[in-house]
K.L.:
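Attaching a single structure in structure tokens format; questions to follow.
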Amino acid sequence: MMLKIDNLNVHYGAIHALQGISFELEKGEIVALIGANGAGKSTTLNTISGILRPREGSVLFQGQPIHEMPPQEIVRKGIVHVPEGRKIFPRMTVWENLEMGAYTQSDRATINRDIESAFERFSRLKERRNQVSGTLSGGEQQMLAIARGLMAHPTLLLLDEPSMGLSPILVEQIFDIIQDINEQGTSILLVEQNAQMALAIADRAYVLETGKIVMQGSGDELLENPSVIEAYLGGH
Amino acid sequence: MKTATRNGFQTGITFGVIVVTMFLIGFTVIGAALVAKIFGTSVSSGSIPPLPFFVIFISLVGLWNGATAARRPLTGADEFKPALVAGLLAGLVTGIFSAVVALVFGMLAANKIDVRTYLVAISPESIKMYLFGQDAVTGSLLSLVLLTVSSVAGSALAVTLRTNAKVRGFFQKAAESYTNAIHSERAIKLRNNPSARYAFLALVAAALIILPRTWGGYWNYVLGTVGIYIILGLGLNIITGWAGQLVIGYVAFFAVGAYTFALLTAPAPHHLMWNFWLALILGVLAAGISGLLIGLPILNLRGDYLAIVTLGAAEIVRILLKSDLMTPYTAGPRGIRDIGGPTLFGRSFTSDVDFMYLIIIAVLVVSFLAYRLQNSRTGKAWVAVNQDETVARATGINAYTSKLLALALSAAIAGLAGALFASRNQFTGPDDHQLMVAINVICLVIVGGIGNIPGVFLGAFALKGLPEVLREIENYRMLVFGILLIVMMRLRPEGFLPAKRPALEKNTPPSGQEA
Ligand SMILES: Nc1ncnc2c1ncn2[C@@H]1O[C@H](COP(=O)(O)OP(=O)(O)O)[C@@H](O)[C@H]1O
Ligand SMILES: [Mg+2]
């Protein structure tokens, strides 16, 4: 078991944002976490990556508890979080952003090689390598955020709504890239509001509602589940 | 049209503040005298230059006002009209500012009330000149008319020059030939040629060695102070420019360095008389540790707590140094005398030239350190934390220790500056460590271009060198700095030398929507 979340409880002051959620992710899987706005998806990822502390419950990564570690150590364990909202360093160039992503790496040659392979995967970034990244388009910023995450050689990638606010064509591209990253051996925990696309590429998925997991199953099962269709797939 | 109105209005307010301030600090007289000088008429200091020169001076200000109001974003199909509107509005607004002040002071003067008790620079004669020799009402109306007319003229002139093909062609050509010269193969070769480089460095080194010996004690004093402010600026730039944590009471660390050094080397109050270099190192360390101690409980909080806490620390330090309580330990309000100077191989080096050399070396060392830090992993981590702390942590940066290190380094550098300052002056007291020192440093970093190393040099020369040269405005430094900052923020929000050339538009959101 790569990731095992057990009875996780997270509070923001009086708000009980995660109310005892438990789920798992096997090595090599894409697991999707879907749910409405405010369900607690981002909170879950922030807790796994160490930005938030749970009040109760545990996060085991490769058998080791990590819920009390600071984020910088969790990154070094191999979990990389690409936060919600195309978060890049807006005043750094594309190249510098990628370099920052490799902050935990120390070998210069490897870093340069990784940047080149990022440019292979994201060819639009290559042309813009010296552009200040705050001036990139939304899609390019999202690509950069993912590329930067990959620079740290994650074994588990946490993606928070990578398709948010992108045009259908770009969404398609992003999901292709996610699948490709997964095929190259990186496990992925994918948070999405775009349930259709997420379930289509996910091995398994969990549905989160107001801080609780209410449903789970394989991606295909949930795509056909009437109540999922009703609530998240536009009710056809 | 909307931009035109807004531009005109905002520029008008900025220039209104400038004109009023110039009047209040007596700069209208100096300005008119400068104009007179250009026309070959010398005016003895203290007397009032002839009226025509004042008219020219105010008209120049008006022209500038109009030209500024009609600046770039007004490009469109018919540029001329919106530009004139902007110029007219700016002129009217500035004119109203000026007229109100003219009216008030004219009335006061007419009633024989001398305002010099409060505003030393405003003599009855200078008021009379500001009113063009007329009574209060006529004079202020004239002021309004002159500023409006000249501003409209300024905007018309600016647009004409800008749209005139010939003029444009000239500037384009000039710019092209300049960039061509810089990027020409010969220039690049010259720059990459190691012996040319060494020759250039040798030239600079020779200048730095010879100049302090030749230009005399006064300049060594003035430029020594500039050097110390460069060091302070480079130090503050680390925590505020790069790591993005505003430090208001930076002078607290300067004081710790200065006092540690002074107490260790002076004959009183402790008679320790330690070696200069040892005391210098301890001064730097003490300041660095004080930075660490202040940062430890604060830097893991988000928000500008550091600004407030350092502000408090600076005041506490100053009050403690002044208090009777501390007099036996720190010599109290009278300060510490006969602070030690540098020694090397048993000889002491304490002439003004020696100190100038010492400060030059310190500036070089700190600049080198700053450059190395800027390009290091640590430096990049600071910038990352500054731009987005959450993402920075997600990429594996320990934001807390990173900021802590920045603060400790900044504080240590301030300590170095403080120790050098105390040693050169052979004296330090509580008055050397007023908040004004820190404000000066913040100003010079902002004016030069926050986060930029050459900018710190520029800012230090502009803010600490120029005022020494223009002694007249000394009493109004605060006022002038305030105005300079406001004008800077409006015209060049990132400073004269911004840290990153392809700057973002002022209002572009930094990235996608927030969570
Ligand atoms: N920083 C915060 N402070 C207080 N409440 C928060 C904070 N962040 C999220 N919440 C609350 O926690 C709940 C879960 O939020 P979040 O995890 O962001 O949801 P999702 O990512 O699924 O849209 C929501 O009710 C939200 O209002
Ligand atoms: Mg969210």
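Computed from heavy atoms alone, side chains included, the values below leave out hydrogens, waters and symmetry copies. Just so we're on the same page: letters track the sequence lines, and every chain starts at 1.
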K.L.:
Count the heavy atoms of every other residue, nucleotide or ligand shown that sit under 6.0 Å from CD of Glu127(A), and state whether that count exceeds 12.
P.N.:
yes
K.L.:
Does Ile169(A), at its CD1 atom, have more than 12 non-hydrogen atoms belonging to other residues, nucleotides or ligands within less than 6.0 Å?
P.N.:
no
K.L.:
Does Arg76(A) have more than 12 heavy atoms from other residues, nucleotides or ligands lying within 6.0 Å of its CZ?
P.N.:
yes
K.L.:
Any heavy-atom pair between the side chains of Val391(B) and Ile88(A) that's under 4.5 Å?
P.N.:
no
K.L.:
If every non-hydrogen atom of Thr104(A) is compared with every non-hydrogen atom of Arg377(B), which pair is closest and at what distance?
P.N.:
N-NH1, 4.4 Å
K.L.:
Which bit of Glu73(A) comes within less than 4.5 Å of chain B, counting heavy atoms only: side chain, backbone, both or neither?
P.N.:
neither
K.L.:
Under a 4.0 Å threshold between the charged nitrogen and the carboxylate oxygen, would Lys380(B) count as salt-bridged to Glu96(A)?
P.N.:
no
K.L.:
Less than 4.5 Å to any heavy atom of chain A: does that hold for the side chain of Ala381(B), its backbone, both, or neither?
P.N.:
both
K.L.:
Can you name the nearest heavy-atom pair linking Gln387(B) to Pro90(A), along with the distance?
P.N.:
OE1-N, 3.2 Å
K.L.:
Calculate, to the nearest 0.5 Å, the distance between atoms OG1 and CD belonging to Thr390(B) and Glu84(A) respectively.
P.N.:
11.5 Å
K.L.:
Quick one: do Arg91(A) and Val383(B) satisfy side chain to side chain contact (heavy atoms under 4.5 Å, CB included)? Show the steps, please.
P.N.:
CA-CA 9 Å; Arg91(A) 284 168 169 262; Val383(B) 176; over 6 Å; no
K.L.:
Does Gln72(A) offer a backbone N or O that forms a donor-acceptor pair with the side chain of Arg393(B) under 3.5 Å?
P.N.:
no
K.L.:
Which heavy atom of Thr395(B) sits nearest a heavy atom of Tyr103(A), and at what distance?
P.N.:
O-CB, 3.6 Å
K.L.:
Does atom OH (Tyr12(A)) have a neighbourhood of more than 12 heavy atoms from anything else shown, all under 6.0 Å?
P.N.:
yes
